[in-house]
Undergrad: 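For reference, the structure I am asking about is given below.
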Amino acid sequence: MKKVTRNRKAIVAVAGALSLAATTLMTAPAHAATTKLTIWSFGNVIDTSLQAEYLKLHPEIEIVIKKGDLDQHHSGLKNALYSNVQPDVAAVELSYMGEFRNYSKYLTDLNSLSPSATTIKDDYLPWRWDQMKAPDGAQLGVPTDVGGLAVAYRVDLFKKAGLPTDREKVAALWPTWDKFIEVGKQYKAKTKSNFIDTTGAIFGAVLNQGTEKYVSADGRLIYSTNPTVQRAFTTTANASNAKIGSLIPQYSPDWGVGMNKGTFATILAPAWMLTYIKQYAPKTKGMWDVAAVPGKGGNMGGSALTIPKKAVHAKEAWDFIRWYLAPEQQTKLFLDPKNGAFPTTVSAYENAKVVGYKDPFFNNAPIGAIYSQSATTLKPIALGNKDRTIDNTFGQALSRVMLGKQSSSAAWGQALSDIKRAVG
Amino acid sequence: MSLLQKAKMMPSRKAAGIHAHDKWGFLYITPFFTIFLLFGLLPILFTVYLAFYHWELLSEANYYVGFQNFSELIKDPYFWIAVRNTFSIFFISFVPQTIVALLLAVVLANPHLKFAMFWRTMLLIPWITSVLAVGIVFSQLFGREFGMINVAMQYLGLPQVDWVGGTIPSQVAIATMINWRWVGYNALIYLAAILAIPKELYESAEIDGASRWQTFIYVTIPQLRNTLTFMLVVGTIGGLQTFLEPLIYGGATGGDSRQFSTLTLYLFEQAFINGRFGYAAAIGIAITIIVVIISFLNYLGSRKIAGEEGVKS
C-alpha cells in the first residue's frame, strides 16, 4: 500500500514538475478557431507579438503555448516523444541539439514535408541549419536565432568608476579575459560593487570561442583533455577567486533586482540576452551599452523549431514554422525594440535596416553591425550527445568555487569524475 | 488510515468465511483494483524490471545488466548524501512542526476562543496552496542577495545567511516551506484528537489543582499517543518523499554541492536529467526498502506505546 502511494505521488510530482515554472499562455481569439496548434518552448523562443500577428493572418488557428525552463522543457519533451501525446511544434536549444538531432525516429524529417525544407534551406546560415541535421540526413529543425557574443555594460556605473564609457575604448580595455578580470578588480576596488553579474557565465563564453568543446569533430569525448575546456574553467575560477562577480544566479528574481539596482556593471550578452535584459530591467533603458567580448567572437545558444512525429497538426505546424522563421519575421523580431534575437537568415546580414540598427535601450549601440559581423565570422562547434549534462556539471563545480566551497583544482577533479559517471 | 486504525480497535467479527451476499462486495471493489492494477501494480512491476536494465528513453540499445545498478548504488556517495539530506530535512521539519501544531491545537481547543471556525479554516489555507506557488514564493523570500529574510536580518544587524549555498541553512529553508504547508493540517488532526479526550479527565485535573501546563503534559499528551504515532508514520513517509520543494528551490541536483538533494529528487535527476531510467528504478527500490524498514520501526514503536497504554487503563 505504501508503495502505491509513493508511486502515485511520484506521478503527481512529475506532472507537477513539468508544469512547474510552466505557464500556459492561451491566446483566445474572438473568432472561431478550428485548429489548435500546441507549441512547447522555453524562454523567449516564441515572441508574443509575432504570435499575435500570425493569428491575425490565420483566424482558423488557435495557438496554445506551454513554456518551461530549459532543462524541464527538454526532459518533458523527451518523455512526450516516448509517448503518444506530443506537441505540434517543439523548440530545441543548442545545448540539446547534439542529442535531439539523433531522434529522427521521433521528429519529423522536414525534407519530407511539402514544400520540402530544402526549398528554404538557402535562407539560413549553413552551419546553424546543419546543427539539426540527423546523422541519417533527415532535417529535424529550422534554426531560430544566432547568439553572437558581446558584453553589455552599464555606462553610468563605468563612468562612476572612472572607466572609459565609449564602446570602442571599453572593448580596448579587455582584449583578453585576463584583462577583463583585471578591469573587474579595478572596478571592485573603486566602487566596492560587483563587476559582472556572475563569473559562471565566463565559462560558456570562453568555451564557445573555441572550435571544439566536449566532443571532437569525429565524435570522441574530449572534455577532460581539451585545453579550451581547461582554459575556460581556470579563467572562470580565476574570475571567481578575484571576487569580481555577484553571487546572484542568472534568471533568478534576485537577478532582476540586481540589474535594476546596479549591483553589477556587466553581463555577457549573446544577442538573445538583450531581450532578457529588457524584460528584467525595463527601467534601465538607455543606461546600457554593448561592447566587444574579450578574445574573439563566439556563438552561444540559439534554438530550432521541430515537429514531433506524432504531432496532430503537422501541416499547420510546418506552415507556422516557415512563416515564423522566415527572413521577414526574423528581421522584424530583431528590429522590435522589445526584442533583440539575432536572425539566422543570411539575407538579414545585408539588410541595411538590420546592419544599421541602433538599439535605444543600449544607448544606441550599433547592435546590428556588432552581431551581424560576429554571425558571419562564427564557426560551429562540434555538438555532443550530452552537452547539457556536461555544461551543468561544470557549472555546479564552478559555482562551488564561486561560493568558496572548493578550490579550483578540487572542483575540476570532482567535475571530471561526476561527468564520467553521468556520461562515460 | 485513521479509519483503518479505528477499525482495528473495534472487536473483530467472529464469523469467518465468505457468505453468498459478500460476493457482491467484490464487484464494489473492482473499480479500485482495476485502477490500482493499471496505475499501481504495473508500474511497480515495471520498475522492478527496469532496475535490472541499462535503460534510456528514446535509445535503441537497452540491455540487461543484472545487479549492476544496485552494486553501483551502494557505492554511490551521492545516494548516501541524498539519504542523509532526506532524514535531516525530515527531522528539522517534523520536530518543530509537531510542537507548533500541538500548541496551535491546544489554543484552538479552548472553548472560550472567539471565531473558532474561522481560525480552523485559516489553518487549512496553506495546505490547499499549491506546492509550486509555495516553492516559488519562498525561493524569493530566501534569495541570497535581495531576499526579504536576508534584508530583514541585515536590518536587525544580523549576519547575512546564504540560504541556498549553505547545507544547514538551505535545509532549514526547505523545512520551512514544508512546515508552512503542513503545520495547519497537523494542528487540525491534533485538534480533533484533543476534542475527543473525555472532559472528565480535565475536570479531575482541575480539581486536583493542576496548572494548564501540567494538564497539557499529563493529560493531553498521553491521550494523544495514538494520534502522535499516526502522525509520525504519515510524517516519515511524507518526509521520505520530499521532492518538489528542493526541486523548485535549486534544481534537480539539489544545489551545487547537493546540499539539499533528497532521495526522490536524486531519482528524478537520474531518470529525467541524466536519462538513466534503470538506475533511477534501482533508487526507487532502495527508497521502498528504506520506507519498509522505517515503517517496521514505527510499527514496533507504536506497539510498545499501545502496550503501555493497555497496562494503564
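Letters A, B, ... mirror the listed sequences (proteins, then strands); counts begin at 1. Everything numeric in this text was worked out from a predicted model, so none of it was measured.
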Undergrad: Quick check on side chain to side chain donor-acceptor pair (under 3.5 Å): which of A:Asn385, A:Asp391, A:Asp387 does A:Tyr214 satisfy it with?
TA: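 Answer to the side chain to side chain donor-acceptor pair (under 3.5 Å) test with A:Tyr214 among A:Asn385, A:Asp391, A:Asp387: A:Asp391.
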Undergrad: Residues in ring-ring contact (aromatic ring centres under 6.0 Å, His included) with A:His73, at least two apart?
TA: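 Applying ring-ring contact (aromatic ring centres under 6.0 Å, His included) to A:His73 gives A:Phe42.
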Undergrad: Given heavy-atom pairs under 4.5 angstrom as the criterion, report whether the side chain, backbone, both or neither of A:Asn392 touches chain B.
TA: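 For A:Asn392, there is no contact with chain B at all, as no heavy atom is under 4.5 Å.
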Undergrad: Would you mind checking which part of A:Tyr103 comes under 4.5 Å of any heavy atom in chain B, side chain (CB onward), backbone (N, CA, C, O), both or neither?
TA: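 The side chain, not the backbone.
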Undergrad: Determine whether the aromatic ring centres of residues B:Phe243 and B:Phe268 are separated by less than 6.0 angstrom.
TA: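 Judged by ring-centre distance (under 6.0 Å), B:Phe268 and B:Phe243 do meet the cut-off.
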Undergrad: Who among A:Ser252, A:Pro249, A:Gly258 has the most heavy-atom pairs with chain B under 4.5 Å?
TA: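 Of A:Ser252, A:Pro249, A:Gly258, A:Gly258 has the most heavy-atom pairs under 4.5 Å with chain B.
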Undergrad: Given a strict heavy-atom distance threshold of 4.5 Å, which part of B:Arg144 is in contact with chain A: side chain, backbone, both, or neither?
TA: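 For B:Arg144, the contact with chain A is made by backbone and side chain together.
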Undergrad: Please confirm whether A:Phe394 and A:Trp412 have ring centers closer than 6.0 angstrom.
TA: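 Yes, the ring centres sit under 6.0 Å apart.
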Undergrad: Please find out if less than 6.0 Å separates the ring center of A:Phe100 from that of A:Tyr106.
TA: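 For A:Phe100 and A:Tyr106, the ring centres are not under 6.0 Å apart.
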Undergrad: What part of A:Lys78 gets closer than 4.5 Å to chain B, counting heavy atoms only: side chain, backbone, both or neither?
TA: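 The answer is both parts of A:Lys78.
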Undergrad: May I ask you to name which of B:Gly165, B:Gly135, B:Gly147, B:Ser139 has the most heavy-atom pairs under 4.5 Å with chain A?
TA: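 Highest number of pairs under 4.5 Å: B:Gly165.
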Undergrad: Select one option (side chain, backbone, both, neither) describing which atoms of B:Gln259 are under 4.5 Å from chain A's heavy atoms.
TA: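 Contact with chain A: side chain only.
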Undergrad: Run the ring-centre check on B:Phe142 versus B:Trp163 and record whether the distance is less than 6.0 Å.
TA: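 Yes, close enough.
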Undergrad: Identify which part of A:Leu403 has an atom lying under 4.5 Å from any heavy atom of chain B, answering side chain, backbone, both or neither.
TA: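 Contact with chain B is through the side chain of A:Leu403 alone.
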Undergrad: Given that the side chain runs from C-beta out, which part of A:Arg421 has a heavy atom under 4.5 Å from chain B: side chain, backbone, both or neither?
TA: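 The answer is both parts of A:Arg421.
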